[in-house]
There are 2 protein chains.
Amino acid sequence: MLDKSKTYLIVGLGLLGGKYAQVLSQKGYNVTGITHSQSTLDYALQHDYIRAGKNADFEDLVREADCIIFGLYPTVLLDWVKQYGPLIRPGTMVTDVSGVKRGVVEPVQAALPEGVEFIASHPMAGRETSGIAHSAEVNFAPANFIITPTEKNSQAGIDWCRDLAAELGFKRISVLTPAEHDHMIGYVSQLCHAIAVSLMCASDNSELANYTGDSFRDLTRIAHINDKMWAELFLWNKDNLISEIDMFESALQDMREKLVRDDREGLEEMFRLSTKRREAFDKK
Amino acid sequence: MLDKSKTYLIVGLGLLGGKYAQVLSQKGYNVTGITHSQSTLDYALQHDYIRAGKNADFEDLVREADCIIFGLYPTVLLDWVKQYGPLIRPGTMVTDVSGVKRGVVEPVQAALPEGVEFIASHPMAGRETSGIAHSAEVNFAPANFIITPTEKNSQAGIDWCRDLAAELGFKRISVLTPAEHDHMIGYVSQLCHAIAVSLMCASDNSELANYTGDSFRDLTRIAHINDKMWAELFLWNKDNLISEIDMFESALQDMREKLVRDDREGLEEMFRLSTKRREAFDKK
(Lines give C-alpha, C1' and ligand atoms only; values in the text may rest on other atoms or scores of the structure.)
Protein backbone atom coordinates (compact mmCIF):
# COMPACT_ATOMS: atom_id res chain seq x y z
CA MET A 1 0.00 0.00 0.00
CA LEU A 2 1.14 3.50 -0.73
CA ASP A 3 1.53 5.87 2.20
CA LYS A 4 -1.34 8.39 2.30
CA SER A 5 0.57 10.74 4.58
CA LYS A 6 3.12 11.45 1.85
CA THR A 7 3.08 14.17 -0.79
CA TYR A 8 3.07 13.04 -4.41
CA LEU A 9 4.42 15.60 -6.89
CA ILE A 10 3.66 15.10 -10.57
CA VAL A 11 5.95 17.01 -12.92
CA GLY A 12 4.35 17.28 -16.36
CA LEU A 13 0.56 17.13 -16.42
CA GLY A 14 -0.02 15.72 -19.89
CA LEU A 15 -2.21 12.77 -20.79
CA LEU A 16 -0.53 10.32 -18.41
CA GLY A 17 0.70 12.75 -15.73
CA GLY A 18 -2.82 14.16 -15.62
CA LYS A 19 -4.29 10.68 -15.28
CA TYR A 20 -1.95 9.73 -12.44
CA ALA A 21 -2.95 12.95 -10.67
CA GLN A 22 -6.66 12.29 -11.22
CA VAL A 23 -6.59 8.72 -9.92
CA LEU A 24 -4.38 9.41 -6.90
CA SER A 25 -6.38 12.49 -5.93
CA GLN A 26 -9.64 10.56 -6.23
CA LYS A 27 -8.19 7.93 -3.90
CA GLY A 28 -7.35 10.53 -1.27
CA TYR A 29 -3.64 10.99 -1.86
CA ASN A 30 -2.03 14.39 -1.42
CA VAL A 31 -1.08 15.38 -4.97
CA THR A 32 0.74 18.49 -6.18
CA GLY A 33 1.69 19.36 -9.72
CA ILE A 34 4.14 21.26 -11.90
CA THR A 35 3.45 22.17 -15.52
CA HIS A 36 4.75 24.90 -17.80
CA SER A 37 1.24 25.62 -19.08
CA GLN A 38 -1.18 27.95 -17.29
CA SER A 39 -4.23 26.40 -18.93
CA THR A 40 -3.14 22.91 -17.91
CA LEU A 41 -2.59 24.13 -14.35
CA ASP A 42 -6.04 25.72 -14.28
CA TYR A 43 -7.64 22.53 -15.64
CA ALA A 44 -5.87 20.33 -13.08
CA LEU A 45 -6.94 22.55 -10.18
CA GLN A 46 -10.50 23.00 -11.42
CA HIS A 47 -10.98 19.24 -11.80
CA ASP A 48 -9.36 18.44 -8.45
CA TYR A 49 -6.61 16.43 -10.10
CA ILE A 50 -4.13 18.25 -7.82
CA ARG A 51 -4.44 20.00 -4.47
CA ALA A 52 -1.86 22.63 -5.38
CA GLY A 53 0.36 23.39 -8.33
CA LYS A 54 2.66 25.88 -10.07
CA ASN A 55 3.99 26.66 -13.48
CA ALA A 56 6.97 28.76 -12.27
CA ASP A 57 8.98 29.31 -9.07
CA PHE A 58 8.14 25.80 -8.02
CA GLU A 59 11.30 24.94 -6.11
CA ASP A 60 9.31 24.61 -2.87
CA LEU A 61 7.04 21.97 -4.39
CA VAL A 62 10.10 19.96 -5.42
CA ARG A 63 11.71 20.22 -1.99
CA GLU A 64 8.50 19.23 -0.18
CA ALA A 65 7.71 16.18 -2.27
CA ASP A 66 8.08 12.70 -0.77
CA CYS A 67 7.48 10.99 -4.11
CA ILE A 68 7.87 12.43 -7.60
CA ILE A 69 6.40 11.17 -10.87
CA PHE A 70 7.73 12.61 -14.10
CA GLY A 71 5.15 12.83 -16.87
CA LEU A 72 7.67 14.34 -19.26
CA TYR A 73 9.10 13.35 -22.65
CA PRO A 74 12.63 11.86 -22.37
CA THR A 75 14.54 14.92 -23.64
CA VAL A 76 12.59 17.31 -21.43
CA LEU A 77 13.02 14.94 -18.47
CA LEU A 78 16.80 14.90 -18.83
CA ASP A 79 16.97 18.70 -19.03
CA TRP A 80 14.67 19.07 -16.03
CA VAL A 81 16.63 16.77 -13.71
CA LYS A 82 19.90 18.46 -14.65
CA GLN A 83 18.41 21.80 -13.65
CA TYR A 84 16.16 20.93 -10.69
CA GLY A 85 17.35 17.49 -9.61
CA PRO A 86 19.64 18.84 -6.88
CA LEU A 87 16.56 20.24 -5.09
CA ILE A 88 15.14 16.76 -4.46
CA ARG A 89 15.49 15.55 -0.85
CA PRO A 90 17.36 12.33 -0.09
CA GLY A 91 14.84 9.59 0.63
CA THR A 92 12.50 10.73 -2.15
CA MET A 93 11.16 8.00 -4.45
CA VAL A 94 11.01 8.99 -8.11
CA THR A 95 9.58 7.40 -11.24
CA ASP A 96 8.61 8.37 -14.80
CA VAL A 97 6.31 7.34 -17.69
CA SER A 98 8.80 7.30 -20.57
CA GLY A 99 8.18 4.94 -23.45
CA VAL A 100 11.90 4.17 -23.84
CA LYS A 101 14.32 3.28 -21.05
CA ARG A 102 17.95 2.71 -22.03
CA GLY A 103 18.71 6.34 -22.88
CA VAL A 104 16.77 7.62 -19.87
CA VAL A 105 17.32 5.55 -16.73
CA GLU A 106 21.04 5.83 -16.18
CA PRO A 107 21.43 9.52 -17.08
CA VAL A 108 18.53 10.41 -14.75
CA GLN A 109 19.93 8.27 -11.94
CA ALA A 110 23.31 9.93 -12.42
CA ALA A 111 21.81 13.45 -12.33
CA LEU A 112 19.90 12.92 -9.09
CA PRO A 113 21.38 13.49 -5.60
CA GLU A 114 22.71 10.66 -3.47
CA GLY A 115 19.86 9.04 -1.56
CA VAL A 116 17.21 9.83 -4.17
CA GLU A 117 16.04 6.64 -5.86
CA PHE A 118 14.85 6.79 -9.47
CA ILE A 119 12.93 3.58 -10.23
CA ALA A 120 11.89 3.90 -13.88
CA SER A 121 8.57 2.59 -15.16
CA HIS A 122 6.36 2.62 -18.24
CA PRO A 123 2.56 2.64 -18.21
CA MET A 124 1.74 1.16 -21.64
CA ALA A 125 -1.51 3.07 -21.85
CA GLY A 126 -0.87 5.88 -24.26
CA ARG A 127 -3.59 6.98 -26.63
CA GLU A 128 -3.56 8.78 -29.95
CA THR A 129 -4.57 11.91 -28.06
CA SER A 130 -2.45 14.03 -25.77
CA GLY A 131 -3.04 16.57 -23.05
CA ILE A 132 -4.75 16.64 -19.67
CA ALA A 133 -8.16 17.27 -21.19
CA HIS A 134 -8.09 13.67 -22.45
CA SER A 135 -6.73 12.13 -19.26
CA ALA A 136 -10.15 11.03 -18.09
CA GLU A 137 -10.48 8.77 -21.18
CA VAL A 138 -7.39 6.75 -20.26
CA ASN A 139 -8.07 3.29 -18.81
CA PHE A 140 -5.24 1.60 -16.93
CA ALA A 141 -6.98 -1.66 -16.05
CA PRO A 142 -6.29 -3.64 -19.24
CA ALA A 143 -2.84 -2.11 -19.80
CA ASN A 144 0.67 -3.35 -19.05
CA PHE A 145 2.85 -1.57 -16.48
CA ILE A 146 6.57 -2.25 -16.78
CA ILE A 147 9.07 -1.55 -13.99
CA THR A 148 12.67 -1.27 -15.22
CA PRO A 149 15.12 -1.41 -12.29
CA THR A 150 18.89 -1.24 -12.61
CA GLU A 151 21.50 -2.44 -10.08
CA LYS A 152 21.15 1.01 -8.48
CA ASN A 153 17.58 0.22 -7.46
CA SER A 154 16.46 -1.41 -4.19
CA GLN A 155 13.74 -3.92 -3.49
CA ALA A 156 11.94 -1.18 -1.57
CA GLY A 157 11.99 0.97 -4.69
CA ILE A 158 10.60 -1.82 -6.85
CA ASP A 159 7.90 -2.52 -4.25
CA TRP A 160 6.94 1.14 -4.07
CA CYS A 161 6.60 1.27 -7.84
CA ARG A 162 4.51 -1.90 -7.85
CA ASP A 163 2.22 -0.43 -5.17
CA LEU A 164 1.87 2.75 -7.22
CA ALA A 165 0.88 0.72 -10.29
CA ALA A 166 -1.66 -1.26 -8.28
CA GLU A 167 -3.19 1.92 -6.85
CA LEU A 168 -3.43 3.36 -10.35
CA GLY A 169 -5.43 0.30 -11.38
CA PHE A 170 -2.95 -1.66 -13.49
CA LYS A 171 -3.66 -5.39 -13.43
CA ARG A 172 -0.59 -6.50 -15.37
CA ILE A 173 2.64 -5.42 -13.71
CA SER A 174 5.98 -6.79 -14.93
CA VAL A 175 9.68 -6.23 -14.29
CA LEU A 176 12.18 -6.01 -17.16
CA THR A 177 15.66 -4.58 -17.52
CA PRO A 178 15.85 -1.34 -19.54
CA ALA A 179 17.39 -3.31 -22.42
CA GLU A 180 14.64 -5.95 -22.34
CA HIS A 181 12.03 -3.20 -22.20
CA ASP A 182 13.41 -1.36 -25.23
CA HIS A 183 13.64 -4.59 -27.23
CA MET A 184 10.04 -5.42 -26.34
CA ILE A 185 8.70 -1.95 -27.09
CA GLY A 186 10.50 -1.90 -30.43
CA TYR A 187 8.37 -4.81 -31.64
CA VAL A 188 5.14 -4.56 -29.68
CA SER A 189 4.56 -0.85 -30.09
CA GLN A 190 7.03 1.10 -32.17
CA LEU A 191 7.10 -1.19 -35.21
CA CYS A 192 3.28 -1.07 -35.25
CA HIS A 193 3.31 2.72 -35.26
CA ALA A 194 5.99 2.78 -37.97
CA ILE A 195 3.82 0.50 -40.11
CA ALA A 196 0.59 2.44 -39.55
CA VAL A 197 2.23 5.77 -40.39
CA SER A 198 3.96 4.35 -43.49
CA LEU A 199 0.61 2.97 -44.67
CA MET A 200 -1.01 6.38 -44.39
CA CYS A 201 1.94 8.15 -46.03
CA ALA A 202 2.39 5.60 -48.84
CA SER A 203 -0.04 7.27 -51.21
CA ASP A 204 -2.70 9.92 -51.25
CA ASN A 205 -5.56 7.50 -51.74
CA SER A 206 -8.09 9.87 -50.19
CA GLU A 207 -10.65 9.06 -52.89
CA LEU A 208 -10.72 5.55 -51.47
CA ALA A 209 -11.80 6.80 -48.05
CA ASN A 210 -15.40 5.98 -48.94
CA TYR A 211 -14.55 2.30 -49.18
CA THR A 212 -12.58 1.67 -46.03
CA GLY A 213 -13.62 -1.26 -43.95
CA ASP A 214 -12.60 -2.67 -40.63
CA SER A 215 -9.19 -3.89 -41.77
CA PHE A 216 -8.02 -0.48 -42.95
CA ARG A 217 -9.39 1.29 -39.89
CA ASP A 218 -7.73 -1.19 -37.54
CA LEU A 219 -4.36 -0.84 -39.20
CA THR A 220 -4.42 2.93 -39.24
CA ARG A 221 -6.06 3.85 -35.95
CA ILE A 222 -2.62 4.60 -34.51
CA ALA A 223 -1.58 6.51 -37.64
CA HIS A 224 -3.11 9.49 -35.85
CA ILE A 225 0.06 10.19 -33.94
CA ASN A 226 1.62 12.72 -31.56
CA ASP A 227 4.49 13.85 -33.77
CA LYS A 228 6.88 15.27 -31.19
CA MET A 229 6.59 12.45 -28.69
CA TRP A 230 6.89 9.65 -31.19
CA ALA A 231 9.86 11.15 -33.06
CA GLU A 232 11.65 11.15 -29.69
CA LEU A 233 10.67 7.61 -28.80
CA PHE A 234 11.70 6.33 -32.24
CA LEU A 235 15.09 8.02 -32.21
CA TRP A 236 15.82 6.97 -28.63
CA ASN A 237 15.27 3.33 -29.61
CA LYS A 238 16.44 3.49 -33.22
CA ASP A 239 18.69 0.44 -33.15
CA ASN A 240 15.90 -1.87 -32.00
CA LEU A 241 13.33 -0.26 -34.29
CA ILE A 242 15.54 -0.49 -37.37
CA SER A 243 16.15 -4.14 -36.58
CA GLU A 244 12.41 -4.81 -36.25
CA ILE A 245 11.67 -2.91 -39.47
CA ASP A 246 14.24 -5.05 -41.27
CA MET A 247 12.72 -8.28 -39.97
CA PHE A 248 9.24 -7.15 -40.97
CA GLU A 249 10.42 -6.04 -44.42
CA SER A 250 12.01 -9.43 -44.94
CA ALA A 251 8.66 -11.16 -44.28
CA LEU A 252 6.77 -8.77 -46.55
CA GLN A 253 9.35 -9.27 -49.33
CA ASP A 254 8.93 -13.01 -48.88
CA MET A 255 5.19 -12.60 -49.43
CA ARG A 256 5.78 -10.38 -52.47
CA GLU A 257 8.07 -13.01 -53.93
CA LYS A 258 5.41 -15.69 -53.46
CA LEU A 259 2.91 -13.45 -55.29
CA VAL A 260 5.29 -12.91 -58.19
CA ARG A 261 5.91 -16.67 -58.48
CA ASP A 262 2.19 -17.57 -58.11
CA ASP A 263 3.18 -19.68 -55.11
CA ARG A 264 -0.29 -20.42 -53.76
CA GLU A 265 0.88 -23.09 -51.32
CA GLY A 266 3.59 -20.79 -50.01
CA LEU A 267 1.02 -18.07 -49.38
CA GLU A 268 -1.36 -20.48 -47.65
CA GLU A 269 1.52 -21.63 -45.45
CA MET A 270 2.30 -18.05 -44.39
CA PHE A 271 -1.38 -17.49 -43.63
CA ARG A 272 -1.58 -20.61 -41.50
CA LEU A 273 1.56 -19.64 -39.56
CA SER A 274 0.14 -16.17 -39.03
CA THR A 275 -3.17 -17.59 -37.79
CA LYS A 276 -1.44 -20.00 -35.43
CA ARG A 277 0.74 -17.31 -33.88
CA ARG A 278 -2.16 -14.90 -33.56
CA GLU A 279 -4.21 -17.51 -31.71
CA ALA A 280 -1.31 -17.99 -29.28
CA PHE A 281 -1.41 -14.24 -28.57
CA ASP A 282 -5.14 -14.40 -27.96
CA LYS A 283 -4.70 -16.96 -25.22
CA LYS A 284 -2.58 -14.57 -23.17
CA MET B 1 -37.98 -3.46 -53.86
CA LEU B 2 -37.15 -7.07 -54.54
CA ASP B 3 -39.92 -9.28 -55.81
CA LYS B 4 -41.18 -11.63 -53.06
CA SER B 5 -42.85 -13.97 -55.54
CA LYS B 6 -39.46 -14.97 -56.95
CA THR B 7 -37.20 -17.82 -55.90
CA TYR B 8 -33.71 -16.89 -54.69
CA LEU B 9 -31.13 -19.65 -55.00
CA ILE B 10 -27.89 -19.31 -53.03
CA VAL B 11 -25.04 -21.47 -54.29
CA GLY B 12 -22.40 -21.83 -51.60
CA LEU B 13 -23.61 -21.43 -48.03
CA GLY B 14 -20.47 -20.18 -46.34
CA LEU B 15 -20.14 -17.14 -44.10
CA LEU B 16 -21.64 -14.69 -46.61
CA GLY B 17 -23.90 -17.04 -48.58
CA GLY B 18 -25.31 -18.22 -45.26
CA LYS B 19 -25.88 -14.64 -44.12
CA TYR B 20 -27.67 -13.68 -47.35
CA ALA B 21 -29.90 -16.74 -46.88
CA GLN B 22 -30.60 -15.87 -43.25
CA VAL B 23 -31.56 -12.26 -43.92
CA LEU B 24 -33.67 -12.92 -47.00
CA SER B 25 -35.49 -15.82 -45.33
CA GLN B 26 -36.18 -13.69 -42.25
CA LYS B 27 -37.70 -11.06 -44.52
CA GLY B 28 -40.05 -13.56 -46.10
CA TYR B 29 -38.25 -14.29 -49.36
CA ASN B 30 -38.36 -17.76 -50.91
CA VAL B 31 -34.77 -18.98 -50.51
CA THR B 32 -33.25 -22.27 -51.68
CA GLY B 33 -29.65 -23.39 -51.31
CA ILE B 34 -26.92 -25.54 -52.80
CA THR B 35 -23.83 -26.59 -50.84
CA HIS B 36 -21.45 -29.52 -51.16
CA SER B 37 -21.48 -30.09 -47.41
CA GLN B 38 -24.15 -32.15 -45.68
CA SER B 39 -23.55 -30.52 -42.30
CA THR B 40 -23.89 -27.04 -43.83
CA LEU B 41 -27.12 -28.10 -45.52
CA ASP B 42 -28.47 -29.46 -42.24
CA TYR B 43 -27.52 -26.27 -40.40
CA ALA B 44 -29.15 -24.05 -43.02
CA LEU B 45 -32.40 -26.04 -42.93
CA GLN B 46 -32.47 -26.33 -39.14
CA HIS B 47 -32.02 -22.57 -38.71
CA ASP B 48 -34.56 -21.71 -41.42
CA TYR B 49 -31.91 -19.96 -43.50
CA ILE B 50 -33.35 -21.81 -46.54
CA ARG B 51 -36.74 -23.34 -47.35
CA ALA B 52 -35.17 -26.18 -49.34
CA GLY B 53 -31.69 -27.24 -50.37
CA LYS B 54 -29.46 -29.92 -51.83
CA ASN B 55 -25.86 -30.98 -51.87
CA ALA B 56 -26.12 -33.20 -54.99
CA ASP B 57 -28.49 -33.72 -57.98
CA PHE B 58 -29.51 -30.11 -57.70
CA GLU B 59 -30.17 -29.32 -61.34
CA ASP B 60 -33.87 -28.73 -60.61
CA LEU B 61 -33.03 -26.03 -58.05
CA VAL B 62 -30.86 -24.28 -60.64
CA ARG B 63 -33.55 -24.44 -63.33
CA GLU B 64 -36.29 -23.16 -60.99
CA ALA B 65 -34.37 -20.18 -59.65
CA ASP B 66 -35.41 -16.66 -60.65
CA CYS B 67 -32.37 -15.10 -59.00
CA ILE B 68 -29.05 -16.73 -58.12
CA ILE B 69 -26.40 -15.56 -55.67
CA PHE B 70 -23.02 -17.27 -55.76
CA GLY B 71 -21.34 -17.48 -52.35
CA LEU B 72 -18.33 -19.26 -53.85
CA TYR B 73 -14.59 -18.53 -54.04
CA PRO B 74 -13.55 -17.27 -57.51
CA THR B 75 -11.91 -20.50 -58.72
CA VAL B 76 -14.83 -22.65 -57.58
CA LEU B 77 -17.30 -20.16 -59.11
CA LEU B 78 -15.66 -20.37 -62.52
CA ASP B 79 -15.69 -24.17 -62.47
CA TRP B 80 -19.29 -24.23 -61.30
CA VAL B 81 -20.66 -21.96 -64.05
CA LYS B 82 -18.77 -23.89 -66.72
CA GLN B 83 -20.45 -27.06 -65.54
CA TYR B 84 -23.93 -25.92 -64.50
CA GLY B 85 -24.29 -22.50 -66.12
CA PRO B 86 -26.17 -23.86 -69.14
CA LEU B 87 -29.01 -24.94 -66.83
CA ILE B 88 -29.83 -21.36 -65.85
CA ARG B 89 -33.01 -19.98 -67.47
CA PRO B 90 -32.85 -16.84 -69.60
CA GLY B 91 -34.18 -13.89 -67.60
CA THR B 92 -32.48 -15.05 -64.41
CA MET B 93 -30.58 -12.37 -62.49
CA VAL B 94 -27.26 -13.55 -61.05
CA THR B 95 -24.70 -12.03 -58.68
CA ASP B 96 -21.77 -13.14 -56.50
CA VAL B 97 -19.78 -12.11 -53.40
CA SER B 98 -16.22 -12.39 -54.75
CA GLY B 99 -13.54 -10.15 -53.27
CA VAL B 100 -11.88 -9.66 -56.65
CA LYS B 101 -13.60 -8.77 -59.90
CA ARG B 102 -11.40 -8.49 -62.99
CA GLY B 103 -10.62 -12.20 -63.27
CA VAL B 104 -14.20 -13.18 -62.45
CA VAL B 105 -16.78 -10.98 -64.12
CA GLU B 106 -16.06 -11.45 -67.80
CA PRO B 107 -15.36 -15.21 -67.69
CA VAL B 108 -18.58 -15.79 -65.74
CA GLN B 109 -20.58 -13.58 -68.11
CA ALA B 110 -19.11 -15.50 -71.06
CA ALA B 111 -19.96 -18.90 -69.54
CA LEU B 112 -23.61 -18.07 -68.89
CA PRO B 113 -26.40 -18.54 -71.44
CA GLU B 114 -27.76 -15.67 -73.55
CA GLY B 115 -30.39 -13.78 -71.57
CA VAL B 116 -28.92 -14.56 -68.17
CA GLU B 117 -27.50 -11.41 -66.61
CA PHE B 118 -24.51 -11.66 -64.24
CA ILE B 119 -24.24 -8.40 -62.32
CA ALA B 120 -21.21 -8.84 -60.08
CA SER B 121 -21.03 -7.39 -56.59
CA HIS B 122 -18.90 -7.46 -53.46
CA PRO B 123 -20.22 -7.21 -49.89
CA MET B 124 -17.17 -5.87 -48.00
CA ALA B 125 -18.22 -7.58 -44.81
CA GLY B 126 -15.92 -10.54 -44.45
CA ARG B 127 -14.71 -11.57 -41.05
CA GLU B 128 -11.72 -13.56 -39.84
CA THR B 129 -14.06 -16.50 -39.39
CA SER B 130 -15.64 -18.63 -42.09
CA GLY B 131 -18.57 -20.99 -42.41
CA ILE B 132 -22.32 -20.77 -41.96
CA ALA B 133 -22.11 -21.28 -38.19
CA HIS B 134 -20.65 -17.76 -37.99
CA SER B 135 -23.07 -16.13 -40.44
CA ALA B 136 -25.26 -14.77 -37.66
CA GLU B 137 -22.33 -12.65 -36.39
CA VAL B 138 -21.99 -10.78 -39.68
CA ASN B 139 -23.34 -7.21 -39.68
CA PHE B 140 -24.00 -5.61 -43.06
CA ALA B 141 -25.20 -2.20 -41.85
CA PRO B 142 -21.82 -0.45 -41.50
CA ALA B 143 -20.24 -2.22 -44.47
CA ASN B 144 -19.66 -1.19 -48.08
CA PHE B 145 -21.45 -2.94 -50.94
CA ILE B 146 -19.86 -2.53 -54.35
CA ILE B 147 -21.67 -3.24 -57.63
CA THR B 148 -19.31 -3.81 -60.57
CA PRO B 149 -21.20 -3.69 -63.86
CA THR B 150 -19.64 -4.11 -67.29
CA GLU B 151 -21.02 -2.92 -70.64
CA LYS B 152 -22.90 -6.24 -70.74
CA ASN B 153 -25.02 -5.19 -67.77
CA SER B 154 -28.34 -3.33 -67.91
CA GLN B 155 -29.74 -0.59 -65.70
CA ALA B 156 -32.36 -3.14 -64.57
CA GLY B 157 -29.56 -5.43 -63.46
CA ILE B 158 -27.81 -2.70 -61.51
CA ASP B 159 -31.12 -1.67 -59.91
CA TRP B 160 -31.88 -5.26 -58.92
CA CYS B 161 -28.48 -5.57 -57.31
CA ARG B 162 -28.95 -2.29 -55.47
CA ASP B 163 -32.35 -3.46 -54.19
CA LEU B 164 -30.75 -6.71 -53.02
CA ALA B 165 -28.09 -4.79 -51.12
CA ALA B 166 -30.69 -2.55 -49.53
CA GLU B 167 -32.77 -5.55 -48.44
CA LEU B 168 -29.67 -7.15 -46.95
CA GLY B 169 -29.18 -4.02 -44.85
CA PHE B 170 -26.22 -2.34 -46.52
CA LYS B 171 -26.25 1.43 -46.02
CA ARG B 172 -23.30 2.23 -48.30
CA ILE B 173 -23.84 1.03 -51.86
CA SER B 174 -21.46 2.13 -54.63
CA VAL B 175 -20.85 1.36 -58.29
CA LEU B 176 -17.32 0.83 -59.62
CA THR B 177 -15.90 -0.84 -62.70
CA PRO B 178 -14.17 -4.19 -62.06
CA ALA B 179 -10.82 -2.47 -62.59
CA GLU B 180 -11.63 0.34 -60.14
CA HIS B 181 -12.84 -2.25 -57.63
CA ASP B 182 -9.66 -4.30 -57.81
CA HIS B 183 -7.48 -1.22 -57.49
CA MET B 184 -9.48 -0.11 -54.46
CA ILE B 185 -9.46 -3.51 -52.77
CA GLY B 186 -5.73 -3.87 -53.32
CA TYR B 187 -5.12 -0.88 -51.06
CA VAL B 188 -8.05 -0.82 -48.67
CA SER B 189 -8.13 -4.50 -47.82
CA GLN B 190 -5.46 -6.72 -49.34
CA LEU B 191 -2.43 -4.59 -48.49
CA CYS B 192 -3.69 -4.44 -44.87
CA HIS B 193 -3.92 -8.23 -44.72
CA ALA B 194 -0.49 -8.60 -46.32
CA ILE B 195 0.94 -6.28 -43.67
CA ALA B 196 -0.80 -7.97 -40.73
CA VAL B 197 0.31 -11.44 -41.83
CA SER B 198 3.90 -10.30 -42.46
CA LEU B 199 3.99 -8.74 -38.98
CA MET B 200 2.93 -12.03 -37.38
CA CYS B 201 5.35 -14.07 -39.51
CA ALA B 202 8.33 -11.69 -39.10
CA SER B 203 9.63 -13.30 -35.93
CA ASP B 204 8.60 -15.76 -33.29
CA ASN B 205 8.29 -13.16 -30.56
CA SER B 206 5.81 -15.27 -28.61
CA GLU B 207 7.54 -14.43 -25.33
CA LEU B 208 6.44 -10.85 -25.92
CA ALA B 209 2.79 -11.87 -26.01
CA ASN B 210 2.47 -10.84 -22.37
CA TYR B 211 3.21 -7.24 -23.25
CA THR B 212 0.98 -6.61 -26.21
CA GLY B 213 -1.13 -3.51 -26.06
CA ASP B 214 -3.83 -2.01 -28.23
CA SER B 215 -1.53 -1.08 -31.11
CA PHE B 216 -0.28 -4.62 -31.63
CA ARG B 217 -3.73 -6.13 -31.30
CA ASP B 218 -5.21 -3.67 -33.78
CA LEU B 219 -2.54 -4.34 -36.36
CA THR B 220 -2.81 -8.10 -36.09
CA ARG B 221 -6.52 -8.74 -35.64
CA ILE B 222 -6.75 -9.66 -39.32
CA ALA B 223 -3.60 -11.79 -39.12
CA HIS B 224 -6.02 -14.57 -38.17
CA ILE B 225 -6.79 -15.37 -41.76
CA ASN B 226 -8.69 -17.87 -43.92
CA ASP B 227 -5.71 -19.31 -45.81
CA LYS B 228 -7.43 -20.76 -48.88
CA MET B 229 -9.69 -17.81 -49.61
CA TRP B 230 -7.03 -15.17 -49.14
CA ALA B 231 -4.40 -16.95 -51.22
CA GLU B 232 -6.95 -16.91 -54.06
CA LEU B 233 -7.88 -13.26 -53.60
CA PHE B 234 -4.21 -12.23 -53.46
CA LEU B 235 -3.21 -14.15 -56.57
CA TRP B 236 -6.23 -12.97 -58.54
CA ASN B 237 -5.25 -9.36 -57.85
CA LYS B 238 -1.48 -9.77 -57.71
CA ASP B 239 -0.57 -6.89 -59.99
CA ASN B 240 -2.43 -4.34 -57.87
CA LEU B 241 -1.26 -5.89 -54.61
CA ILE B 242 2.40 -5.97 -55.65
CA SER B 243 2.11 -2.34 -56.66
CA GLU B 244 0.60 -1.39 -53.29
CA ILE B 245 3.23 -3.41 -51.41
CA ASP B 246 5.95 -1.54 -53.31
CA MET B 247 4.45 1.86 -52.50
CA PHE B 248 4.12 0.92 -48.83
CA GLU B 249 7.70 -0.44 -48.72
CA SER B 250 8.95 2.80 -50.19
CA ALA B 251 7.33 4.79 -47.38
CA LEU B 252 8.67 2.42 -44.70
CA GLN B 253 12.17 2.61 -46.20
CA ASP B 254 11.86 6.39 -46.16
CA MET B 255 11.10 6.21 -42.44
CA ARG B 256 14.00 3.81 -41.87
CA GLU B 257 16.32 6.18 -43.63
CA LYS B 258 15.17 9.08 -41.43
CA LEU B 259 15.89 6.94 -38.35
CA VAL B 260 19.39 6.10 -39.59
CA ARG B 261 20.12 9.78 -40.25
CA ASP B 262 18.59 10.97 -36.93
CA ASP B 263 16.24 13.14 -38.99
CA ARG B 264 13.86 14.20 -36.21
CA GLU B 265 12.14 16.89 -38.28
CA GLY B 266 11.67 14.47 -41.16
CA LEU B 267 10.02 11.96 -38.83
CA GLU B 268 7.77 14.63 -37.29
CA GLU B 269 6.74 15.68 -40.80
CA MET B 270 5.76 12.08 -41.71
CA PHE B 271 3.78 11.82 -38.48
CA ARG B 272 1.91 15.06 -39.19
CA LEU B 273 1.08 13.96 -42.74
CA SER B 274 -0.13 10.63 -41.40
CA THR B 275 -2.31 12.33 -38.79
CA LYS B 276 -3.78 14.74 -41.33
CA ARG B 277 -4.69 11.95 -43.76
CA ARG B 278 -6.13 9.78 -41.02
CA GLU B 279 -8.36 12.63 -39.86
CA ALA B 280 -9.65 13.00 -43.41
CA PHE B 281 -10.62 9.32 -43.36
CA ASP B 282 -12.41 9.77 -40.05
CA LYS B 283 -14.66 12.40 -41.53
CA LYS B 284 -16.07 9.97 -44.12
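Bear in mind the structure is a predicted one, so any value in this text is a computation, not a measurement. Here is the naming used below: chain letters follow the sequence lines, and residue numbers restart at 1 for every chain.
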If you count heavy-atom pairs within less than 4.5 Å of chain B, which of [options] leads?
| options | result |
| --- | --- |
| A/Glu265, A/Lys276, A/Arg256, A/Lys258 | A/Arg256 |
| A/Lys228, A/Met270, A/Glu268 | A/Glu268 |
| A/Val260, A/Thr220, A/Asn226, A/Ile146 | A/Thr220 |
| A/Glu180, A/His183, A/Glu269, A/Gln253 | A/Gln253 |
| A/Leu241, A/Asp263, A/Leu259 | A/Leu259 |

Side chain, backbone, both or neither: which part of [X] has an atom under 4.5 Å from a heavy atom of chain B?
| X | value |
| --- | --- |
| A/Asp227 | both |
| A/Ile222 | side chain |
| A/Met255 | side chain |
| A/Ile185 | neither |
| A/Ala223 | both |

Donor-acceptor contact below 3.5 Å, side chain B/Thr275 vs main chain A/Ile225: yes
Side-chain donor/acceptor of B/Arg264 to backbone N/O of A/Glu232, under 3.5 Å: no
Side-chain heavy-atom pair [X], [Y] within 4.5 angstrom cut-off:
| X | Y | result |
| --- | --- | --- |
| A/Glu257 | B/Ile242 | no |
| A/Ser274 | B/His224 | no |
| B/Asp254 | A/Cys201 | no |

Ionic contact status for B/Asp262 with A/Lys238, cut-off 4.0 Å: yes
Distance, nearest 0.5 Å, that separates [atom1] of [X] from [atom2] of [Y]:
| X | Y | atom1 | atom2 | answer |
| --- | --- | --- | --- | --- |
| B/Leu267 | A/Leu233 | CG | CG | 11.0 Å |
| A/Asn139 | B/Asp214 | CG | CG | 9.5 Å |
| B/Leu191 | A/Ser215 | CG | OG | 9.5 Å |

Residue among B/Ser189, B/Pro142, B/Ser203 with most heavy-atom pairs under 4.5 Å to chain A: B/Ser203
Largest heavy-atom contact set with chain A, pairs under 4.5 Å, which of B/Arg221, B/His193, B/Arg272: B/Arg221
Stepwise side chain to side chain contact (heavy atoms under 4.5 Å, CB included) test for B/Leu219 and A/Asp218: CA-CA 6 Å; B/Leu219 253 78; A/Asp218 277 357; over 6 Å; no
Residues in residues 243-252 of chain B that sit under 4.5 Å from chain A, counting heavy atoms only: B/Glu244, B/Ile245, B/Asp246, B/Met247, B/Phe248, B/Glu249, B/Ala251, B/Leu252
Centroid-centroid under 6.0 Å between B/Phe271 and A/Phe234 rings: yes
Aromatic contact, B/Tyr187 with A/Phe216 (centres under 6.0 Å): yes
From CA spacing to verdict: side chain to side chain contact (heavy atoms under 4.5 Å, CB included), B/Leu176, A/Tyr211: CA-CA 11 Å; B/Leu176 293 175; A/Tyr211 307 106; 3.4 Å; yes
